[in-house]
Amino acid sequence: MRNKICEELNNSDIGKLVNLCGWVDRRRDHGGVIFIDLRDHSGFLQITINPDDGASLFKQAETLRNETVIRVSGIIHERPKDSINKNLSTGELELKVKDLHILNQIKNNLPFPVSIHDYENTKEELRLKYRYLDLRRGKLLENLKTRHKIIKVAREYLDNYGFTEVETPLLTKSTPEGARDFLVPARLSNGDFFALPQSPQLFKQLLMVGGLDRYYQIAKCFRDEDLRADRQPEFTQLDLEMSFVSEEEIISFNEKLIKKIWKDILNINLKDAFPRMSWADAINNYGTDRPDTRYKMLLKDLGEVLGNIGFNIFTKAVKSGGCIKSITIAGGNSSISNVRIKPGGDIFQVAQDAGAGGLAFIRVKGHELETIGAIKDNLNQENISDILRITEAKDGDLILLGAGDTKIVNQSLDRIRQYIAKNLNLIAKEKWNFLWITDFPMFERNEEENRYEALHHPFCSPKNIKFENSEKFRKGIEGSTANAYDLVLNGLELGGGSLRIHEAEMQKEVLRTVGLTDQEIDEKFGFLIEALEMGAPPHGGIAFGLDRITMLILGADSIRETIAFPKNQQAKCLLTQAPANVSKSQLKELDIEITIDE
RNA sequence: GGGACCGUAGUUCAACUGGUUAGAGCACCGCCCUGUCACGGCGGAAGUUGCGGGUUCGAAUCCCGUCGGUCCCGCCA
């Protein structure tokens with residue numbers, strides 16, 4: 001049908017007869033001569049049609065509209081010197097049409113223009129509903145190609161190191177812990193359900209037990225939770241697992257993989273080793289376990305200075321086991337007004353939304369501190385110099401203070417820090433600040449449900465704890481740190497992993513710690529425990545969010561820009577209108593009854 | 001489940017503080033135009049201002065509800 005594509009054409013084709021297929025991107029009808037920008041997947045070529053080329057051909061050409069699908073045959077000509085278009089790679093060429101076939105016409109007005117310069121201004125709702133048109137505009141196709149290249153680099157890299165790509169089941173078992181499952185009714189055992197995997201976690205561990213040694217997969221994962229710009233109900237992990245490795249070996253191996261991807265895709269050399277930070281340091285200094293280190297404004301603890309100056313809110317915070325912490329905004333005296341940090345102001349609101357009761361502030365003016373009387377009146381000269389030393393604040397700086405429950409103080413100062421960084425344009429956008437977070441706690445206390453929850457998942461192994469007996473375990477495990485690590489880039493979690501538990505007794509004890517009874521352990525994870533009892537090797541791995549990696553590499557605002565057919569925020573596919581009703585007979589076959597009112 | 005913002009022609013936007021017949025670019029239809037490249041010129045058609053209710057002499061504009069979209073919190077690694 002065609003023997004060339006637009007991008008391939010160059011001066012050596014002048015004089016040749018070529019056949020091209022594609023879409024009418026634009027037409028310029030001068031009455032006498034008609035110019036068509038022909039677009040295919042590779043690029044553009046201007047084609048021209050003259051009345052002298054034949055009356056019927058010309059008449060047909062007059063009917064062409066944007067997005068008409070055509071096949072043209074003709075001779076490639078050099079354009080007249082004064083009509084060269086430098087914006088086009090084929091701008092010195094044009095095709096004089098001898099033969100024109102209309103392969104398909106458009107029925108009505110298009111829901112949005114396909115031509116590239118209108119790309120930014122299209123409502124996403126329309127782009128999702130008519131995704132094929134959006135793809136045709138090229139930008140999205142480029143994104144998908146970049147995604148493809150990232151996967152290709154990873155595959156080649158992992159293949160070179162002896163990894164085997166294995167597909168694990170999509171129809172699997174619902175497990176407690178973690179996110180809500182997507183369920184699939186099982187017709188052949190009615191009343192029972194499969195669950196779509198939240199990750200291939202247990203299967204990849206079983207592959208290690210099976211002696212595969214090194215596994216990877218471009219794995220679809222499913223989590224039935226609410227969506228965000230960087231969260232879709234189905235998403236893709238670059239998932240891998242290795243046997244007989246230490247935490248250090250996994251981290252340094254994967255660091256090389258990430259560096260390889262950045263080199264091959266962006267041609268960026270990440271020379272230095274990625275910095276490492278313990279979970280505790282991250283929380284203490286940034287208030288979050290995925291700090292954005294592109295800007296400073298670190299959290300500083302002022303509990304010792306302000307805890308007993310006699311200001312009631314501060315005193316209570318420290319006495320009840322909480323803290324007083326601050327962030328320093330350089331030059332904040334001029335860039336941030338009092339209105340914004342007092343009740344009703346936007347920054348105050350950020351603190352309040354994060355759970356903080358209030359937001360105190362100190363403005364540094366020369367060697368003086370300006371703040372509310374209740375604080376200022378209680379400060380002596382030593383307090384003042386302590387504050388200036390700890391907060392590293394200088395003349396003109398603004399110090400924001402949070403006091404109370406440590407978790408809430410951390411959370412609110414973290415959010416304020418991010419908010420102000422964005423607001424004052426403090427983020428060095430060109431930086432790629434990778435960061436390994438290590439030494440996560442094994443568990444987090446869920447006070448509402450009065451139980452422990454696994455911080456990563458309950459298959460991470462605890463650090464420096466050997467199984468001796470259950471009693472010792474129980475005490476040791478609860479407060480221990482895990483052999484777990486996350487990779488953070490510019491404040492976004494790119495991936496995480498751990499050394500897994502490879503001993504049955506240890507695994508049972510950890511599952512008991514998160515509140516499962518022995519019977520539940522047997523029902524839900526019996527197959528895993530059994531496998532661990534049959535010679536499971538020490539193993540560990542990591543999973544990266546492929547959609548997020550692609551998003552960051554593309555500089556996109558949403559992972560939807562990296563996915564061919566994403567869901568909207570209501571988890572609906574606007575193109576197919578899924579999810580949708582199914583017929584009564586389908587439900588009957590499954591013995592399922594819908595009880596909600598229509 | 002909660003908060004914020006948004007919804008006007010096929011599309012992107014405008015319409016001041018509530019005030020004539022809701023305008024413009026692109027697209028569409030018709031006519032003209034032989035070197036344009038976001039071609040140009042003249043003319044035309046195109047609207048239940050998401051939907052429903054309320055306030056008002058008068059509503060795209062104000063209020064309430066509802067539907068749809070985006071961002072965020074909760075939730076989720």
Side-chain angles (χ1 to χ4, degrees), chain A residues 25-38 44-53 58 65-67 77 79-88 90-91 94 96 106-130 133 177-181 198-199 201 221-233 235 237 289-290 346 349-350 352-355 411 415 418-419 437 440 444 448 453-457 460 484-488 492-498 542-545 548 557-558 560 568-570 572 574:
Chain A
D25 192 66
R26 277 204 129 76
R27 98 201 120 93
R28 290 175 293 280
D29 185 344
H30 285 234
V33 62
I34 298 174
F35 299 101
I36 303 286
D37 290 335
L38 176 74
F44 299 86
L45 177 70
Q46 172 164 287
I47 68 178
T48 65
I49 301 133
N50 271 278
D52 357 319
D53 297 335
F58 191 76
R65 293 295 174 266
N66 291 351
E67 296 313 306
H77 284 259
R79 288 204 199 182
K81 288 259 161 7
D82 55 350
S83 346
I84 288 170
N85 184 346
K86 285 184 177 143
N87 299 321
L88 277 183
T90 59
E94 63 188 11
K96 286 199 190 297
I106 58 161
K107 198 177 167 194
N108 292 314
N109 248 325
L110 295 169
F112 54 81
V114 172
S115 290
I116 192 70
H117 61 271
D118 296 308
Y119 179 80
E120 297 296 335
N121 282 329
T122 310
K123 284 198 185 77
E124 195 173 5
E125 189 175 355
L126 287 173
R127 293 180 52 211
L128 291 173
K129 184 168 179 185
Y130 303 99
L133 276 188
E177 288 287 307
R180 196 176 291 116
D181 286 316
Q198 295 180 25
S199 81
Q201 182 60 37
C221 304
F222 305 87
R223 292 175 191 169
D224 188 6
E225 299 292 348
D226 286 7
L227 286 75
R228 291 285 186 281
D230 61 354
R231 270 162 44 186
Q232 284 269 305
F235 62 100
Q237 285 186 343
D289 60 2
R290 45 183 177 89
D346 58 333
Q349 191 63 44
V350 171
Q352 206 168 40
D353 289 348
Q411 177 164 302
R415 295 222 190 125
Q418 292 188 49
Y419 181 81
I437 304 293
F440 283 79
E444 199 173 31
E448 279 166 30
E453 283 175 346
L455 208 72
H456 269 87
H457 51 59
C460 298
Y485 34 83
D486 275 3
L487 182 63
V488 172
L492 237 91
E493 187 202 323
L494 276 198
S498 62
I542 196 166
F544 295 104
R548 286 185 187 175
D557 291 327
S558 157
R560 293 188 298 275
N568 76 351
Q569 196 166 41
Q570 307 308 314
K572 285 182 178 133
L574 293 178

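In the text below, chain A, chain B and the rest are named by the order of the sequence lines, each starting its count at 1.
- You cannot call A:His30 stacked on the base of B:rU36; the centres under 5.5 Å and planes under 30° rule is not satisfied.
- Each of A:Ile84 and A:Gln411 was matched to the nucleotide of RNA chain B holding its nearest heavy atom; the match closer to the 5' end belongs to A:Ile84.
- The ring pair (Phe, Tyr, Trp, His ring centres under 6.0 Å) check on A:His30 picks up A:Phe35, with sequence neighbours excluded.
- With hydrogens and angles left out, the side chain of A:Arg79 and the base of B:rU36 share a donor-acceptor pair within 3.5 Å.
- Remark: A:Arg28 pairs with A:Asp37 by the salt bridge (Lys or Arg N to Asp or Glu O under 4.0 Å) rule, at least two apart or across chains.
- Among the heavy atoms of the strands lying under 4.0 Å from A:Leu574 are primed sugar atoms or P, OP1, OP2 only; no base atom is included.
- Taking only distance into account, the side chain of A:Arg231 meets the base of B:rC75 through a donor-acceptor pair shorter than 3.5 Å.
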For nucleotides 1-7 of chain B, which of its nitrogen or oxygen atoms have a protein nitrogen or oxygen under 3.5 Å away, and what is each distance?
from: B:rG1; atom 1: O6; to: A:Asp226; atom 2: OD2; distance (Å): 3.3

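- Under the rule for a salt bridge (Lys or Arg N to Asp or Glu O under 4.0 Å), A:Asp486 has no partner lying at least two apart in sequence or in another chain.
- In this structure, A:Gln201 reaches neither bases nor backbone, as no heavy-atom distance under 4.0 Å exists between it and the strands shown.
- When heavy atoms are screened at a 4.0 angstrom cut-off, A:Gly178 is found touching the sugar-phosphate backbone but no base atom.
- Between A:Arg27 and B:rA27 there is no side-chain N or O to OP1 or OP2 distance below 4.0 Å.
- Here B:rG19 sits opposite B:rC57 as a Watson-Crick or G-U wobble pair (both hydrogen-bonding atom distances under 3.5 Å).
- Contact annotation for A:Pro111: backbone-only contact, meaning every heavy-atom pair under 4.0 Å involves sugar-phosphate atoms and none involves a base.
- Atom name C1', nucleotides B:rG35 and B:rG47: the rounded distance is 39 Å, in whole Å.
- Taking atom C1' on both nucleotides, B:rC13 is separated from B:rA60 by 14 Å, rounded to a whole Å.
- Residue contacts shown for A:Glu493 include a base, since a base heavy atom lies under 4.0 Å away.
- Straight-line distance between the C1' atoms of B:rG65 and B:rC71: roughly 23 Å, to the nearest whole Å.
- Put simply, A:Arg28 has a side-chain N or O that comes within less than 4.0 Å of OP1 or OP2 on B:rC39.
- Side-chain to base pairing of A:Gln46 with B:rU36: one donor and one acceptor N or O lie within less than 3.5 Å of each other.
- Within the 4.0 angstrom heavy-atom criterion, base atoms lie near A:Asp52.
- For the atom pair CZ (A:Phe222) and CG (A:Asp181), the distance works out to 11.5 Å, reported to the nearest 0.5 Å.
- For A:Phe112 and B:rU11, the ring-to-base geometry does not satisfy the stacking test (centroid distance below 5.5 Å, interplanar angle below 30°).
- In plain terms, the two heavy atoms of A:Ile437 and A:Phe440 that are nearest each other are O-CE1, 3.3 Å.
- Searching all strands for a Watson-Crick or G-U wobble partner of B:rC26 with both distances below 3.5 Å returns B:rG10.
- Side-chain polar atoms of A:Asn568 and A:Glu125 form no donor-acceptor pair below 3.5 angstrom.
- Taking atom P in both B:rU8 and B:rA14, the straight-line distance is 10 Å, to the nearest Å.
- Comparing the same atom, P, in B:rG50 and in B:rU12 gives a spacing of 14 Å after rounding to whole Å.
- Nucleotides B:rA15 and B:rG23, compared at atom C1', are 7 Å apart to the nearest Å.
- Remark: B:rA38 base-pairs with no nucleotide; criterion is Watson-Crick or G-U wobble with both hydrogen-bond distances under 3.5 Å.
- In this structure, the salt bridge (Lys or Arg N to Asp or Glu O under 4.0 Å) partners of A:Lys96, at least two apart in sequence or on a different chain, are A:Glu94.
- Each of A:Ser83 and A:Asp486 was assigned the nucleotide of RNA chain B with the nearest heavy atom; the assignment lying further toward the 5' end belongs to A:Ser83.
- The distance from the CG atom of A:Leu38 to the CG atom of A:Asp25 is 9.0 Å, given to the nearest 0.5 Å.
- Spacing between B:rC26 and B:rG44 at atom P, rounded to whole Å, works out to 15 Å.
- Within the 4.0 angstrom heavy-atom criterion, no nucleotide atom of any strand lies near A:Asn87.
- For A:Glu225, the salt bridge (Lys or Arg N to Asp or Glu O under 4.0 Å) test picks out A:Arg180, with sequence neighbours left out.
- Here A:Asn109 does not reach the OP1 or OP2 of B:rC28: none of its side-chain N or O atoms lies under 4.0 Å away.
- Base-pair partner of B:rC71: B:rG3 (Watson-Crick or G-U wobble, both distances under 3.5 Å).
- Nucleotides B:rG69 and B:rU11 have their P atoms positioned 16 Å apart, rounded to a whole Å.
- Residue A:Asp25 contributes atom CG, which lies 11 Å from atom P of B:rA38 at whole-angstrom precision.
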